[in-house]
Amino acid sequence: MKKSTVKEIKERFDKDVERFSNLETGQVATIDAKISLEVLTEGAKRIQPNAQRVLDIGCGAGNYTLKMLSKIPNLQCTLVDLSRPMLDSALGRVSLHTNQSVRIIQGDIRDVLLEENHFDIILAGAVLHHLRDDKDWETVFKKLFSLLTENGCLMISDLITQETYAINEYTWQRYGEYLESINGKEYRDKVLDYIKKEDSPRSMTYQLDLMKKVGFGTTEILHKNMCFGAFAGIK
Ligand SMILES: C[S@@+](CC[C@H](N)C(=O)[O-])C[C@H]1O[C@@H](n2cnc3c(N)ncnc32)[C@H](O)[C@@H]1O
């Protein structure tokens, strides 16, 4: 199936701001969304307790940065997203929770120009699964590595695949069952069809290996449940 273009992805998220602005109900399609949000931001705080700058890529309405600010107040925040309506919502919400600057940048994470050796924490919540081929993944991981300060951390929470066909089938079957249990068969089909069209996730193993390949000294697994995981790289 032909995957969604960046323009199509942008247009879809332009219309989905409300769902991503609600931490309680917005993320039901993500298994353990709240656990991942918690462990990823608490993990970032423990790796970088004196952090000053956070970059949130694919920030949506700012959920990850908001949670990060509840752990480390008054960070300088840079928020990147394809969608202007998402950024507007994120700016409004995040500005209420820091007395430092909040900068929003509309663009594709592949293209936006950002300062190197600048960010202590990079948050990537449910965004990297939009990357496509190996070159795409490698270029973006290299870029994120270059943006981090020494000992800075890249914190990823995302949809993931498995390395083997058998286990991949199993985890996605379980995900289908999970979706059906919360909202019925039609909802399951809708979410799975949409993932087929829009997303191209990679395994956690692939991403941890890629982190090491582009220079990260240490990697950490914080949480995994079927086809969702939270993990990190430390520069
Ligand atoms: C599933 S939402 C997650 C939003 C937020 N991180 C959260 O967890 O609540 C993915 C977001 O990533 C953005 N996005 C997708 N591909 C992107 C890209 N290549 N560059 C920047 N943002 C992107 C979308 O516009 C959308 O707002």
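Note: hydrogens, waters and symmetry copies are ignored here, and every other heavy atom, side chains too, is used. Throughout, numbering of the chain's residues begins at 1 and tracks the sequence. In listed order, ligands and their atoms are each counted from 1.
- With rounding to the nearest 0.5 angstrom, the CE atom of Met155 is 8.0 Å from the CE atom of Met68.
- Here is the list of ligand 1 atoms found below 4.0 Å of a heavy atom in Phe20: 1 (C), 2 (S), 3 (C), 9 (O).
- There is no side-chain donor-acceptor pair under 3.5 Å between Gln162 and Ser203.
- Atoms of ligand 1 lying under 4.0 Å from any heavy atom of Asn63, numbered from 1 in the order shown and given with element: 9 (O).
- The ligand atoms of ligand 1 that sit less than 4.0 angstrom from a heavy atom of Asp108 are 18 (C), 19 (N), 20 (N).
- Annotation: the span from His223 atom NE2 to Glu38 atom CD amounts to 11.5 Å, rounded to 0.5 Å.
- Neither the backbone nor the side chain of Ala61 comes within contact range of ligand 1; no heavy atom lies under 4.0 Å.
- Classified by interplanar angle (parallel below 30°, tilted 30° to 60°, perpendicular above 60°), the ring pair Tyr178/Tyr175 is parallel.
- Of the protein's heavy atoms, Ile109 N, 2.9 Å lies nearest to atom 20 (N) of ligand 1.
- Between the side chains of Asn117 and Thr149, no donor-acceptor pair of N or O atoms lies under 3.5 Å.
- Annotation for ligand 1: atoms under 4.0 Å from non-hydrogen atoms of Met86 are 27 (O).
- Taking every heavy atom of Gly125 and a limit of under 4.0 angstrom, the matching atoms of ligand 1 come to 3 (C), 5 (C), 6 (N), 8 (O).
- Tyr64 and Ser157 share a donor-acceptor pair across their side chains, judged by distance under 3.5 Å alone.
- In this structure, the protein non-hydrogen atom closest to atom 15 (C) of ligand 1 is His130 ND1, 3.3 Å.
- To the nearest 0.5 Å, atoms CG (Asp199) and CG (Leu128) are separated by 11.5 Å.
- Every atom of ligand 1 with a heavy atom of Gly107 under 4.0 Å away is listed here by number and element: 20 (N), 21 (C).
- The distance criterion of under 3.5 Å between nitrogen or oxygen atoms is met by Asp81 with respect to ligand 1.
- If you check which protein heavy atom lies closest to atom 14 (N) of ligand 1, you get Val127 CG2, 3.7 Å.
- Shown here is Lys3, whose NZ atom has more than 12 heavy atoms of other residues, nucleotides or ligands within 6.0 Å.
- The single protein non-hydrogen atom nearest to atom 10 (C) of ligand 1 is Ala126 O, 3.3 Å, given as residue, atom name and distance.
- With hydrogens left out, the protein atom closest to atom 23 (C) of ligand 1 is Leu82 CG, 3.5 Å, a heavy atom.
- In terms of protein heavy atoms, atom 7 (C) of ligand 1 is closest to Tyr64 CD1, 4.0 Å.
- Per-residue contacts place Arg110 under 4.0 angstrom from the following atoms of ligand 1 (heavy atoms of the residue considered): 19 (N).
- In this model, a donor atom of one side chain and an acceptor atom of the other lie less than 3.5 Å apart for Gln173 and Glu177.
- Closest protein heavy atom to atom 4 (C) of ligand 1: Gly58 O, 3.4 Å.
- Heavy atoms of other residues, nucleotides or ligands lying less than 6.0 angstrom from CZ of Arg174 number 12 at most.
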